[in-house]
Structures are given as C-alpha cells and as structure tokens.
Number of protein chains: 2
Amino acid sequence: MSYSISDVAKMMGVSAHTLRYYDKEGLFPNVKRVNGIRVFEESDFEWLRVLNCLRNINMPIKKMKEYVDLCALGDASLRERLAMIEEQERNINSQIKQLQYYKQEIDFKKAYYTKAIEMGSESAVRDWPCKTATLELDKLPG
Amino acid sequence: MSYSISDVAKMMGVSAHTLRYYDKEGLFPNVKRVNGIRVFEESDFEWLRVLNCLRNINMPIKKMKEYVDLCALGDASLRERLAMIEEQERNINSQIKQLQYYKQEIDFKKAYYTKAIEMGSESAVRDWPCKTATLELDKLPG
DNA sequence: ATAGAAGTTAGAGTTAACTCTAAGTCAAGG
DNA sequence: CCTTGACTTAGAGTTAACTCTAACTTCTAT
C-alpha cells in the first residue's frame, strides 16, 4: 500500500505544503519518487512518527535535520544520537514541569474569577491570598 | 521600592528590549512613568507574574492584549475573563498530555540507543517492538 | 483525447516574537 | 562642564516555520 503526499498530510494533520517544506529541509531523505512524485510507504511511517514526535516537543527543524544526518551515518553516530535524545528528554521534562507549575496559577485564576462572579464583583476577592504572589520573579521555572 | 526596566528584565529573565516590545503591544497599561522613564513598583509585580504565566503557556501576545483590555473593563468583563482562563486551562492540559505522550516515545528511543550502543550496532535492536509503532498517525495527540 | 484534480518546483510572502539600530534625553559622578 | 551610562522612541532587521503563487507536469475518468 502506498500513500500520496496529501494522504500523509491528512494522516499527520498538517498541510501537503508543510510536508514539501520538510522535505526541502532534508527531513525525508528516504521517500521514494515515481515520475518525480513522492510515494510514501508503510515503511516510511516509523520515520514520520519520529519526526512528528520531535516536532511536537518543539525541536527546531535544523536540529531535526542534524538528527537525520546522524542517522545516515549508521552505527558510527549512535552515541551522538543518544546524546541528542537525552537532551530532548531533559527538555521535555522541563517543559512538563513548567507547564504543571503554570497550571497551578491558571487554576488559581479560575477559582478567583469563579468566586468574583459569584460575589458579583472582583473587589470582593481582590486580596485573596495568592500562593504564587510571594515568589521572586527570578525563581520562576524558566 | 521601585525598579527600572532592566531590573525587571533581569528578574524575569528576558531582555529590556522585550519588555519595551510588550509595552508597545499594550501589555503594561498601568506602569508609571517619571520623565518618560518606566518605573515599576511592587504593585506591578502581580501583573508581571500573570503575563509571565500566560507567555509561558504559549498564549499569543494578541490574546494577552485582549485579556488586558478585558481587565480594564472591570466587573463587566468577569465572565469573559473566566472564559479565557478556562480556555487556557484546556489548552495547558492538552499541552501537558501531549508532552507526556511524546515523553514515552523519547524514553523508548533512549532505551533503544542505549541497547544499540551496548550491542555495538543498531541492527541488533532494529526490530525491537515499539509500543507506539502500531498507532495510526491520525490518532496521535494533536 | 481531453478535462480536471492533484502532483511538481523555485521562490516570494506572511506571521509571530523578538532583536537591534540610530538618534536623542536625562541624571549622576569627577 | 562634561562624560558615561541607562533610559527613550520609531522603525528596520531577523528568525523560524510555515504558507502561498505561478507555471508546469502527471494521473484518472469520461
């Protein structure tokens, strides 16, 4: 079974334009062509999933290209690839931590507005103790 | 106690340029000026923390501006503000969920490369069962 | 065989969020 | 008084990641 660029675009939830852009940036070094037309196979899907993953954890396209190039080197680049993956691991962990921190602030705001609406006015809750209000600005997760 | 723009920049971990840009976009409607120079007070810090929070959960600056404008309307905009915060709550929850999902893929990759290095070659682990490899592309968290 | 849909390219345009520059103002220290 | 350094503005420049256009080719169905 083979797939056109727009099939894959639909599957990944991006535009065909975007996939051509990724290809131009060198992210699909192994996709087959028939009469110049890109033909995706199931065997390409693992790679598409990897790209999709890296994109969704905010790896820049240039870094993805570096990763592609390392893959092309085979076993000689295993350590470098592990290092990149470990960097992404640290990255994703800090992103999750940061979001969880700010989730608390958002939850507080939600409670604040809910109460304010209930009371009919913000002035009734203006000086609610805010857990985060005592934090130093420079201690926030970066 | 009052603070200059570069004091605040240091505290927030952004550049003074960036803060002036935010101001130009209307995100600091209440910061005092003395001889045209911005003077930040402790009383501005709660607002800086809110902005910092919204920025870190990837709210676009235009949306932050909308929020600023709603705040200026007082009690009349409480419901709209709650709605915005609730949207951000959904948003942040889906961001966290998505990152946690892709964290699994990264953890798998890490184990994969670790094993490959141990074995001396990727070919030894090439066909490891990958939990995520069976997923439909279009079932991935968006 | 021909229309229309979908593919191709190079390259221009867009958007968001900075990032920097130039030219100028102001306050403090020597 | 004069330099130094931090502040000001308007506006230009940068970067990443698309997003689109124009001109063209190829596939599919009548």
Side-chain angles (χ1 to χ4, degrees), chain A residues 1-41 44 48 50-69 87-88 91 95 98 102 142, chain B residues 1-41 44 48 50-69 87-88 91 95 98 102 142:
Chain A
M1 188 63 184
S2 63
Y3 302 84
S4 73
I5 196 165
S6 52
D7 293 336
V8 173
K10 257 172 238 156
M11 287 189 280
M12 290 185 68
V14 300
S15 73
H17 284 312
T18 299
L19 292 180
R20 285 193 202 99
Y21 162 68
Y22 289 164
D23 194 4
K24 195 157 50 175
E25 295 300 311
L27 302 188
F28 300 150
N30 298 317
V31 170
K32 223 177 36 178
R33 300 276 188 133
V34 175
N35 284 324
I37 292 178
R38 292 171 190 83
V39 176
F40 293 79
E41 308 280 351
D44 295 314
L48 290 172
V50 171
L51 284 190
N52 185 62
C53 172
L54 298 179
R55 180 176 77 91
N56 277 291
I57 62 177
N58 304 309
M59 187 192 270
I61 282 169
K62 278 187 184 170
K63 251 203 158 123
M64 288 198 225
K65 179 58 164 59
E66 279 177 52
Y67 183 70
V68 170
D69 292 343
E87 191 192 332
Q88 285 315 302
N91 228 295
Q95 284 180 58
Q98 189 177 332
Y102 289 112
Chain B
M1 188 63 183
S2 65
Y3 301 84
S4 73
I5 196 166
S6 51
D7 292 335
V8 173
K10 258 171 237 157
M11 286 189 281
M12 291 185 68
V14 301
S15 72
H17 284 312
T18 299
L19 292 180
R20 285 194 200 98
Y21 163 69
Y22 288 163
D23 194 5
K24 193 154 56 175
E25 295 300 311
L27 302 189
F28 300 149
N30 298 318
V31 170
K32 224 177 38 179
R33 298 277 188 134
V34 175
N35 283 323
I37 291 177
R38 294 170 189 84
V39 176
F40 294 79
E41 309 279 352
D44 295 314
L48 290 173
V50 170
L51 284 191
N52 185 62
C53 172
L54 299 178
R55 181 175 77 91
N56 278 290
I57 63 178
N58 304 309
M59 187 192 270
I61 281 169
K62 277 188 185 167
K63 249 199 161 128
M64 289 198 225
K65 179 56 165 59
E66 279 178 52
Y67 183 69
V68 170
D69 292 344
E87 192 193 332
Q88 285 316 302
N91 228 293
Q95 284 181 57
Q98 189 176 332
Y102 289 112

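In what follows, every chain begins at residue 1, and chains take the letters A, B, ... in the order their sequences are listed. Note that the structure is predicted; figures quoted are calculated from it, not measured.
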Between A:Lys32 and A:Arg38, is there a side-chain heavy-atom distance shorter than 4.5 Å? no
Separation between CG (A:Leu51) and OH (A:Tyr67), nearest 0.5 Å, reads 9.5 Å
In whole Å, I'd like the distance from the OH atom of B:Tyr3 to the P atom of D:dA6. 19 Å
When rounded to the nearest 0.5 angstrom, what is the spacing between CZ in A:Phe28 and CG in A:Asp44? 9.0 Å
Interatomic distance, A:Gln98 atom CD to B:Asn56 atom CG [nearest 0.5 angstrom]: 4.5 Å
Tell me: CG of A:Leu19 to P of D:dC20, nearest whole Å? 14 Å
Is any side-chain heavy atom of A:Asp23 closer than 4.5 Å to one of A:Val31? no
Classify every nucleotide of nucleotides 5-18 of chain C by which part a protein heavy atom approaches to under 4.0 Å, writing B for the base, S for the sugar-phosphate alone and - for neither, in 5'-to-3' order. --SBB-B----SBB
